[in-house]
Amino acid sequence: MTLRYLIRQAVTAAARRIAADLNNTLPEDFAARIDYTPALKFGHYATPVAMELAKVLRQSPRAIAQKIVEHLVNESFSKVEIAGAGFINITLSAKGIAAVANFTNIKNWLNANADEILTEKIIFEYVSANPTGPMNIVSARAASVGDSITRVLGAVGNAVFREYYVNDYGNQVEKLGLSFAYRYLQKFKSVALPDDCYQGEYIIEYLDKILANDKIPENIFLSKASIGAFDEAAWLKNASAFFAPLGVRAILKEQQKDLQAFRTEFDNFFSEASLHAQGAVMAVGAALAERGKTRSEDGAQIFVSTTYGDDKDRVIVRSDGRPTYLLADIAYHADKVARGFKKIIDIWGPDHHGYIARLSGALRALGFGDAVGEEFKVIIAQQVNLLENGEPVVMSKRLGKFQTMRDLLEKIPIDVCRWFFVQRALSTHLDFDLTLALDQSKKNPVYYVQYAHARIHSIFREANYAEHEHHWADLYPYYAAHSEREELYLFLLRFPELLQDIARNYEIQRLPEYLYQVATLFTHFYHGKNNRIKDLQSTNAAEAAALLALCALAAQVLEAGLSLLGISAPQEMHRNE
RNA sequence: GCCCUCGUAGCUCAGUGGAUAGAGCGUUGGUCUCCGAAGCCAUGUGCGCAGGUUCGAUUCCUGCCGAGGGCACCA
């Protein structure tokens, strides 16, 4: 249980009783909002519930607050008072804190709090870059954020399945095959690469690997002899079809390597082509038609997405009979529903935001979302601007400039990359300052947080402390009334509350913010005159032990938090100069 | 034309509708006989403009101004 949960239960119960006394009933899902106080002098937590209920209960906020305060006489609270227009400020007693802090290890505590939020079977799709080239910086951002959010979702008790959708079907793949074919042909003949082919040099690298490792069929294989007289158009067609799947495979493999280097794991790579092969794509089109959600126009089949708030209806089967990408995507998401997921969350690139209305409309047309607890959510990953010395970096590989996820990783340490990407809300444009990430590394927030963690371990070394279990529930008397200790301790106890919030709103940027604050509060504690553990060890061993336990809690929170962000928590820091 | 994101301190940005709006960088000045100075302390008259909803708006809604991105029977 978390402190906030304890208070919410008590305040909500009090509010219900007061409403009942006034012959009023609060909605079933009513729960009092519990906030943090701006400063400890106001208490530990605060609730504006009296002000929120003033209208519905037809009483003044202060009158309601007064009644709630009377109902909150409870051994868990040492002080409950009204402030301002009707805030109720709550100070927990040592007993109340002990009841919550009765864990001996932060990870056990996180697991024990799973009942405080709705835990669901979630499928989380992110990155899903086209298998037609190296991954770009937005993919790196989506990888960092998506991976961290899934770790948080898991940490608070959800079953999360991480999936990557591979667009290994359609025009783009055909173009990829054609690009390989032309690059192969170019080895024997001077021929220009068509404009609609992938221009990147990486195609040649992958081609050379394929030529070296795969068996090339006779009708595809080229030599100086065969190049003399042959049907180039026919050959291009065959060669494209041959190279396309091999190209996809090779590129996907490289993407997976990059993702691993980015400390991003997936449970599954889902092939779009497999949906087409099963007939699932056309089947879902038929399902939409059966439900009366489509119409025909010029031989094309059109999904009436305007019924669901879209700007215009969308083609799902072209007039030539081929399905559009949208229909495949609908089939893919219908497949997620069929697999039993209750929450479907996607991170998409900035060019896909127009797709949200039509896809969520299609899911609703198919019946998903009618049941309580079913949810489809799309988070748009906005673009990333790379800056160097304050100037935008031109995104052109041809000019030898910076562009890919791998380029980034080669230049910037992974811990810094991950931190920078999760530091800002995914839905906002991000300026990634390479100069700041590198040159000002000493002022880099990620190092500040890691440094705090390393410093705790330095204390452990100095104090000859061996890590073991602690019973923090009994130690609050050592922390109360010492502002640096108490602020640190109470802030650390918010950790699971924060993770629950992130699991609900996906705002991962709050985690680095919190960790930075933990590092700051720890540093304040560390510099406190009465907090010198080394001195206390000879004068008051029990107090020294209590402070070591506080340090251990801080270290556990920092380590757990950094780990959720895919960032290392070193026990010693070394400058690279 | 429509859609998305964003206008908060000199700069980069926090701030799930609440009590004196916060950090970092930069500036200036202090600070290592002391568990790590990647630290600490001091130093600041800022929510683009106009309405609306609300007991209460930086936060939600509408309009305007400004910045960036996106709008296929491509994927």
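Cation-pi check for A/R358 over A/Y355 is met; the charged atom lies under 6.0 angstrom from the ring centroid and within 45 degrees of its normal.
Within the shown strands, B/rC11 is the pairing partner of B/rG24 under the Watson-Crick or G-U definition, both distances less than 3.5 Å. With a cut-off of 3.5 Å on both Watson-Crick or G-U wobble distances, the partner of B/rG17 is given as none. Of all nucleotides present, only B/rU5 satisfies the Watson-Crick or G-U wobble test against B/rA67, with each distance under 3.5 Å. The partner of B/rG51 is B/rC61, judged by Watson-Crick or G-U wobble contacts that both fall below 3.5 Å. Shown here, B/rU43 forms no base pair; nothing in the strands shown gives a Watson-Crick or G-U wobble contact with both key distances under 3.5 Å.
By the 30° and 60° cut-offs, the orientation of the rings of A/F270 relative to A/Y332 is tilted.
Ring centroid separation for the pair A/F269 and A/Y165 does not come in under the 6.0 Å cut-off. When ring centroids are compared, A/Y45 and A/Y36 come within the 6.0 Å threshold. A distance below 6.0 Å separates the ring centres of A/F421 and A/F432.
Side-chain to base pairing of A/H429 with B/rC6: no donor and acceptor N or O lie closer than 3.5 Å to each other. In terms of polar N and O atoms assigned as donor or acceptor, the side chain of A/R33 comes within less than 3.5 Å of the base of B/rG18 in a complementary pairing. Side-chain atoms of A/N89 come within donor-acceptor range of the base of B/rA19, with a qualifying N/O pair under 3.5 Å. No donor-acceptor contact under 3.5 Å links the side chain of A/T523 to the base of B/rC40.
Remark: the separation of the C1' atoms in B/rG46 and B/rG36 is 37 Å, to the nearest Å. B/rG26 and B/rC11 have their P atoms separated by 16 Å, with the value rounded to a whole Å. The P atoms of B/rC40 and B/rC32 are separated by 16 Å, rounded to the nearest whole Å.
For B/rC40, the OP1/OP2 oxygens have a side-chain nitrogen or oxygen of A/Y448 closer than 4.0 Å. Residue A/H457 places no side-chain N or O under 4.0 Å from the OP1 or OP2 atom of B/rC35. Between A/R318 and B/rA75, a side-chain N or O to OP1/OP2 separation shorter than 4.0 Å is present. Between A/K55 and B/rC55, a side-chain N or O to OP1/OP2 separation shorter than 4.0 Å is present. Between B/rG24 and A/Q423, no contact under 4.0 Å exists linking OP1 or OP2 to a side-chain N or O.
The side chain of A/R455 has B/rA37 as its nearest neighbour among B/rA37, B/rU12, B/rA75. The A/Q383 side chain lies nearest to B/rG69 when the options are B/rA19, B/rG18, B/rG69.
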Inset, instruction - Evaluate side-chain contact (heavy atoms from CB on, under 4.5 Å) for A/F303 paired with A/L327, printing each intermediate quantity in order. - result: CA-CA 9 Å; A/F303 168 48; A/L327 189 59; over 6 Å; no
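Using a 4.0 Å heavy-atom distance criterion, A/A46 is classed as a base contact. Looking at heavy-atom distances under 4.0 Å, A/T428 makes contact with sugar-phosphate atoms alone, never a base. Residue contacts for A/I380: at a heavy-atom cut-off of 4.0 Å it reaches no nucleic acid atom on any strand shown. Nucleic acid contact class of A/P38 (heavy atoms, under 4.0 Å, all strands): base. Residue contacts for A/Y355: at a heavy-atom cut-off of 4.0 Å it reaches a base atom on one of the strands shown. Contact annotation for A/A452: no contact, since no heavy-atom pair falls under 4.0 Å across all strands.
Because its glycosidic torsion is more than 90° from 0, B/rC60 is reported here as anti.
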